[in-house]
Amino acid sequence: MDIECSPRENKLFELIGATAHAMNVSCYLVGGFVRDKILGRPTKDADIVCTGDGIALAHAVAAALPGRPQVNFFKTFGTAQFKLNGFDVEFVGARKESYTTDSRKPQVTPGTIQDDQLRRDFTVNAMAISLNKPDYGQLIDPFGGITDLKNKILRTPLGPDITFSDDPLRMMRGIRFATQLGFTIDPDVYEAIARNNERIKIVSQERITDELNKIMAAAKPSVGLDLLFRSGLLKEFFPQAVELSGVEIIEGKGHKDNFYHTLQVVDNTAAKSEDLWLRWAALLHDIGKPATKKFEEGHGWTFHGHEVVGERMTPRIFKQLKLPQNEKMKYVAKLVALHLRPISLTKEDITDSAMRRLLFDAGEEIDDLMILCESDITSKNKAKVKRYLENFELVKQRLKEVEEKDKIRNWQPPISGDEIMVLFGLTPSREVGVLKTAVREAILDGIIPNDYNAAYQLLLTKAQELNLKPVSGE
Ligand code: ATP
Ligand code: MG
């Protein structure tokens, strides 16, 4: 074998080869599996291409395996798949594809292994390993994929304009591989992406976002985000992010380039957390800045309220990008809304009540918020960074103390809205809200202690102001 496989994998591939031989067809390991084996990356699936009926081959192989794994297949695509001890094996007949200009759907006809390799996206993804008798285990690499792999370069088997216009998703895939694998995109290939960027419009948003999320999940997402920006792909599906870019100067005063600042914050966050949604919060944290940007004479640039605008933009952006419309979206919106809170507290502001408020407002998200906030401290001015970091550490320390003392995280006031309604014989109304808020605020501000009796006494006073009497007549 020209690639190093586990004994289990070798046994499976020998069986596939022997089964294909008996059926009088040729078959090959191909694509990501071959690439990742040569790179020494972990693999969890393998693609098999055969010259003939891939579905029939999958059934025959599965039938010869202990436990006879169940085969799933799609007749229209000629693909079949089964799982073996968590390992995914996919089969397809070798094909030749031709595309028309207005659709991603190619005309597919049976082809040779060379035809099949030619229709793949990048040379490093177009290498095959023969599983056939005469040359079993040999690498078939018509486009110099192995050299490109060694040089860490992404090139296309065909002219890049053809490859990308046939399937524009490949432009996203190229940038994703560059980010994930740390490869360089060949200059001609990059030029072709920049030339064909508008073609991405014919690809479904779900598939674009799949690639975007793989970029966001990489160790250094900024690599891909910057490539998306510079190649002009980003503006096609996420223009709000592009709006962040650039610097304006008035009266000799400039603001920072919020796009590159954002990329730095995403990378900083990625270095501290694997959480995809926390990384999204980093990507969106300043998204409200362009809409709130103002130059105040004698003072400079301001972005007042950008966190509120950003919070409101989040659901729209999630919808546009076909990201989940669920609690993940709410989580991101919440972090965007709160991202300034911890760092905006100056030494004098770090009071117990400010800490309680922050803990109450952030709830479960307090640790993630602190990661985002720390990641947001970027500046060319080292003294400034140092000052902010010191302040940040102070807030972190004080948060810990107040949390240990007051247990505000996931805290609920000692009297609920339901109880208030029963106490004063109210139906759901504005008054219930007023009373509930009064109790909560008084406790967070440290005006009354966090217990039922104190809350009840406060309620009585507040209720009197509203001309309400407790039902029991107390
Ligand atoms: P990963 O599994 O990490 O996403 P991969 O390269 O294995 O990367 P898959 O989507 O699993 O990607 O596809 C397997 C193989 O199929 C690729 O290596 C490539 O040869 C081919 N391929 C996938 N998508 C395309 C495409 N849009 N255009 C051309 N070839 C593709
Ligand atoms: Mg794969």
Side-chain angles (χ1 to χ4, degrees), residues 3 9 27-50 54 74 77-81 83 86-99 103-108 111 113-129 139-146 148-149 152 154-183 185 189 192-193 196 199-200 202-204 206-219 224 233 276:
I3 54 173
E9 287 168 338
C27 71
Y28 309 83
L29 264 168
V30 72
F33 181 86
V34 178
R35 177 199 70 215
D36 287 342
K37 278 291 176 195
I38 299 173
L39 284 173
R41 295 177 88 227
T43 49
K44 53 185 192 332
D45 50 25
D47 289 300
I48 308 286
V49 164
C50 74
F74 302 93
F77 302 111
T79 60
Q81 166 273 347
K83 260 199 181 344
F87 190 74
D88 212 359
V89 195
E90 305 208 6
F91 294 80
V92 65
R95 31 190 182 174
K96 197 179 174 149
E97 292 182 353
S98 49
Y99 290 80
S103 161
R104 272 204 73 226
K105 292 217 177 63
Q107 266 196 321
V108 183
I113 182 68
Q114 285 79 15
D115 291 329
D116 200 276
Q117 284 173 293
L118 200 62
R119 75 177 181 84
R120 291 180 181 265
D121 50 2
F122 297 98
T123 60
V124 295
N125 288 343
M127 295 182 281
I129 295 276
L139 182 72
I140 305 166
D141 179 21
F143 315 114
I146 195 84
D148 290 343
L149 207 64
K152 297 182 160 230
L154 291 160
R155 289 191 308 120
T156 51
L158 292 164
D161 284 305
I162 302 169
T163 295
F164 295 144
S165 109
D166 282 352
D167 178 1
L169 182 72
R170 293 166 182 166
M171 301 188 281
M172 291 292 300
R173 282 174 58 89
I175 291 176
R176 187 255 289 189
F177 288 123
T179 317
Q180 249 179 1
L181 305 175
F183 281 29
I185 299 177
V189 174
I193 296 179
N196 291 281
R199 292 272 297 161
I200 198 69
I202 66 165
V203 178
S204 78
E206 285 84 350
R207 305 190 70 194
I208 295 174
T209 296
D210 259 4
E211 296 300 330
L212 183 58
N213 275 339
K214 286 181 183 172
I215 291 169
M216 289 297 282
L233 275 174
L276 177 67

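For ligands, and for the atoms within them, numbers begin at 1 and follow the listed sequence. Residue numbers count from 1 along this sequence.
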[X] contact mode with ligand 1 (heavy-atom cut-off under 4.0 Å):
| X | result |
| --- | --- |
| Phe177 | side chain |
| Arg176 | side chain |
| Asp36 | neither |
| Asp167 | side chain |
| Arg173 | side chain |

Side-chain donor/acceptor of [X] to backbone N/O of [Y], under 3.5 Å:
| X | Y | answer |
| --- | --- | --- |
| Arg155 | Phe143 | yes |
| Gln117 | Ile140 | yes |
| Arg173 | Asp121 | no |

Can you list the atoms of ligand 1 that are under 4.0 Å from a heavy atom of [X]?
| X | answer |
| --- | --- |
| Lys214 | 4 (O) |
| Asp47 | 14 (C) |
| Arg35 | 3 (O), 5 (P), 6 (O), 8 (O) |
| Gly31 | 18 (O), 20 (O) |

request  = State whether the shortest distance between N or O atoms of Arg170 and N or O atoms of ligand 1 falls below 3.5 angstrom.
outcome  =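 Min N/O separation from ligand 1 is below 3.5 Å for Arg170.
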message = Would Gly32 count as a polar contact of ligand 1, with the cut-off being nitrogen or oxygen pairs under 3.5 Å?
response =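 Indeed, backbone or side chain, Gly32 has an N or O that close.
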ask   = Should one rank Arg120, Met171, Arg119 by closest heavy-atom distance to atom 21 (C) of ligand 1, which comes out on top?
value =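 Checking each option, the heavy atom nearest atom 21 (C) of ligand 1 is found in Arg120.
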request  = Between Val49, Leu181, Asp121, flag the one that comes closest to atom 31 (C) of ligand 1 by a heavy atom.
outcome  =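 Ranked by closest heavy atom to atom 31 (C) of ligand 1, first place is Asp121.
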Under 4.5 Å between any side-chain heavy atoms of [X] and [Y], yes or no?
| X | Y | result |
| --- | --- | --- |
| Arg119 | Asp116 | yes |
| Thr79 | Phe91 | no |
| Pro168 | Ile202 | yes |
| Glu90 | Val92 | no |

task = Provide the closest heavy-atom pair for Met127 versus Ile146 in the form atom of the first, atom of the second, distance.
result =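 So the minimum-distance heavy-atom pair works out to SD-N, 3.6 Å.
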query = With Leu149, which of Leu181, Asn125, Val124, Asp141 fulfils side-chain contact (heavy atoms from CB on, under 4.5 Å)?
reply =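 Among Leu181, Asn125, Val124, Asp141, the one meeting side-chain contact (heavy atoms from CB on, under 4.5 Å) with Leu149 is Val124.
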